[in-house]
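This report concerns only the one structure given below.
First listed ligand is number 1; within each ligand, the first listed atom is number 1. Throughout, residue positions are numbered sequentially from 1 according to the sequence presented.
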Amino acid sequence: MHWLTAVLGATFAVLGSARPEFEVEARQAPLPIPASCSGVTARTSYKLSVADGWKYTLIGAGLNKPRSLLFDTEGHLLVLQAGLGLTAHTIGADGCISSSKTVIQLNTLNHGLALSPDGKTLYVSAAPTAWSYSYDPVTMTATNQQVVVKGMNPGGHNTRTLAVPPNNPNLLIVSLGSQGNIDVPTAQKEAGRAIVKVFDLSKTPAGGWTYNTHGWYLGYGLRNEIGIIFDGNNMVWGVENSGDQLTRAITGGRSVDVHIDNPAEELNFLGDPSKSNEQWYGYPTCWTVGDPSVITDKAFKIGQQFMITPNTTFNDETCAQRSVPPRLSMRAHSAPIDGKFDKDYKNLYVSLHGSWNRQPATGYKVVQIPFTKLENGQYDPVAPPDAPFSQGYKDILWTQNEGSCSSSTCLRPTGITWHPDGSRMYVGSDGSSGEIYILYKA
Ligand SMILES: *[C@@H]1O[C@H](CO)[C@@H](O)[C@H](O)[C@H]1NC(C)=O
């Protein structure tokens, strides 16, 4: 039996002090970074590489599809394991996981996890529903389950990313992707899919908010905005998984296959979650150019948007007028699904879950997007919107032989979270054996 299976469901006493302020003092000597953790081995044989100046250590294996990770206020690592529930992991004095506990056993949970800024309310999601729980970080127990958002489209892309703005504990952001690859009705935001919405939790009606008809928008025409990320001004950025198998109509009623490097995956600026953002980001009509060279009927730059079949009333120029293009593009099919800024907001780290619709395969890595603070105070990527991928972001942790990867043979990065002391990132991987890595500068 694997160590995690062995400890699931068991309750362990919390080590150390119960108060975060004392914990900080107790940790004047920094938490060591382990080079390995005894008994933790990956089941798969993929080989990883790291960028110069970085190292990684496997600290957890045999989890059940770890998807979202965050720290509670007592320094426990919370992991949303899809198909199982929520677990809490105590980090021991050696920096490895010393004990684990099941907090919520609910097999419909599949991705979403958020914690209120005071650490006392947990939010988790299944495809149709998001719930809140009262959370005690000392005992790592969740009680008082309440529906906060209901009536979400049960089919299609089924993750429901949840996020609470660090400066606004009353708001819950909920992302809901499209029904399929090209979900035509979502050209209207009222379709209730391919959108991000925000709900005011201080006014939740009995039985919860209804997704389609309540709350306000944080953008629409967003095919599958899995990663919801806050910058240093508490503005929201989204990373989007864009379409598969796209073609481009050319003269004579013919179409060419452009799918290997189009459409690009997207980093979108969604803005201030306390205000409604009813801007359209293009889906399911306007797609982002990743490789202009294969769209031969027109001169595009990376990051501009194209239609599959322009017509007399709607063409690429209409896209340019009506749709908000991404702020930065990433390689087609690489599947960005989470991201976190570093402490100084100088870099955004994004997990690229990995492709199925590209040959050679791509993704299966963690990348770094350099950011800067503009004179007006806004955070913005260093690279311009038409930057080639090699300028926009850099690989930090990647699977060797990326091009031959499949979902069961390579690193499949999912949730990313920083240790509260800023010394290391924790990265989940939900491939054939669920893993947790730490990634750190060394
Ligand atoms: C042109 O394309 C737009 C956007 O896809 C669509 O709504 C419209 O029906 C199309 N018009 C014609 C005449 O095909």
Side-chain angles (χ1 to χ4, degrees), residues 152-153 155-157 175-197 211-213 216-226 238-271 276-333 335-336 357-358 385-386:
M152 293 190 272
N153 179 56
H157 290 116
S175 177
L176 198 160
S178 64
Q179 174 73 49
N181 189 31
I182 301 179
D183 187 352
V184 174
T186 65
Q188 262 68 52
K189 60 183 179 305
E190 293 75 16
R193 301 186 298 274
I195 54 180
V196 177
K197 287 193 102 169
Y211 192 81
N212 280 20
T213 51
W216 59 88
Y217 294 91
L218 197 57
Y220 76 105
L222 298 160
R223 182 176 175 278
N224 195 16
E225 212 76 0
I226 306 186
V239 284
E240 178 160 337
N241 285 224
S242 194
D244 300 310
Q245 294 164 325
L246 291 204
T247 57
R248 165 76 171 185
I250 53 170
T251 49
R254 292 192 303 125
S255 288
V256 289
D257 180 349
V258 299
H259 90 278
I260 294 294
D261 284 314
N262 295 288
E265 308 286 50
E266 304 185 353
L267 173 67
N268 290 307
F269 182 68
L270 305 181
S276 188
N277 170 3
E278 303 202 359
Q279 296 182 99
W280 180 55
Y281 289 74
Y283 180 80
T285 310
C286 303
W287 306 86
T288 300
V289 174
D291 177 8
S293 74
V294 298
I295 306 178
T296 51
D297 63 304
K298 203 174 161 199
F300 279 105
K301 287 179 171 179
I302 289 175
Q304 292 181 327
Q305 292 188 314
F306 71 99
M307 284 181 74
I308 295 172
T309 314
N311 64 40
T312 50
T313 59
F314 209 117
N315 57 34
D316 305 319
E317 281 67 39
T318 326
C319 288
Q321 287 155 16
R322 296 194 195 163
S323 163
V324 182
R327 175 57 189 82
L328 198 71
S329 300
M330 288 172 277
R331 190 175 297 284
H333 313 295
N357 192 223
R358 189 175 190 276
D386 61 353

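For atom 11 (N) of ligand 1, the nearest protein heavy atom lies under 4.0 Å away. Less than 4.0 angstrom separates atom 7 (O) of ligand 1 from none of the non-hydrogen atoms of the protein.
A perpendicular orientation is assigned to the rings of Phe314 and Trp280, their planes being inclined by more than 60° (bins at 30° and 60°).
Atom numbering of ligand 1 starts at 1 in the shown order; those under 4.0 Å from a heavy atom of Asn311 are 1 (C), 2 (O), 3 (C), 8 (C), 10 (C), 11 (N), 12 (C), 14 (O). Atoms of ligand 1 found under 4.0 Å from any heavy atom of Thr285 (numbered from 1 in listed order, with element): 4 (C), 5 (O). With ligand atoms numbered from 1 in the order given, ligand 1 contributes 1 (C), 11 (N) to contacts under 4.0 Å with heavy atoms of Thr313.
Any N or O atom pair closer than 3.5 Å counts here, and Thr312 shares no such pair with ligand 1.
Side chains of Thr288 and Glu266: a donor on one and an acceptor on the other come within 3.5 Å.
Electrostatic pairing of Glu265 and Arg223 does not count as a salt bridge here, judged by no charged N lying under 4.0 Å from a carboxylate O. The pair Arg248-Asp316 meets the salt-bridge criterion, with a side-chain N (NZ, NE, NH1 or NH2) lying under 4.0 Å from an Asp/Glu carboxylate O.
Residues Thr251 and Asp297 have side chains not in contact (no heavy-atom distance under 4.5 Å, counting atoms from C-beta outward).
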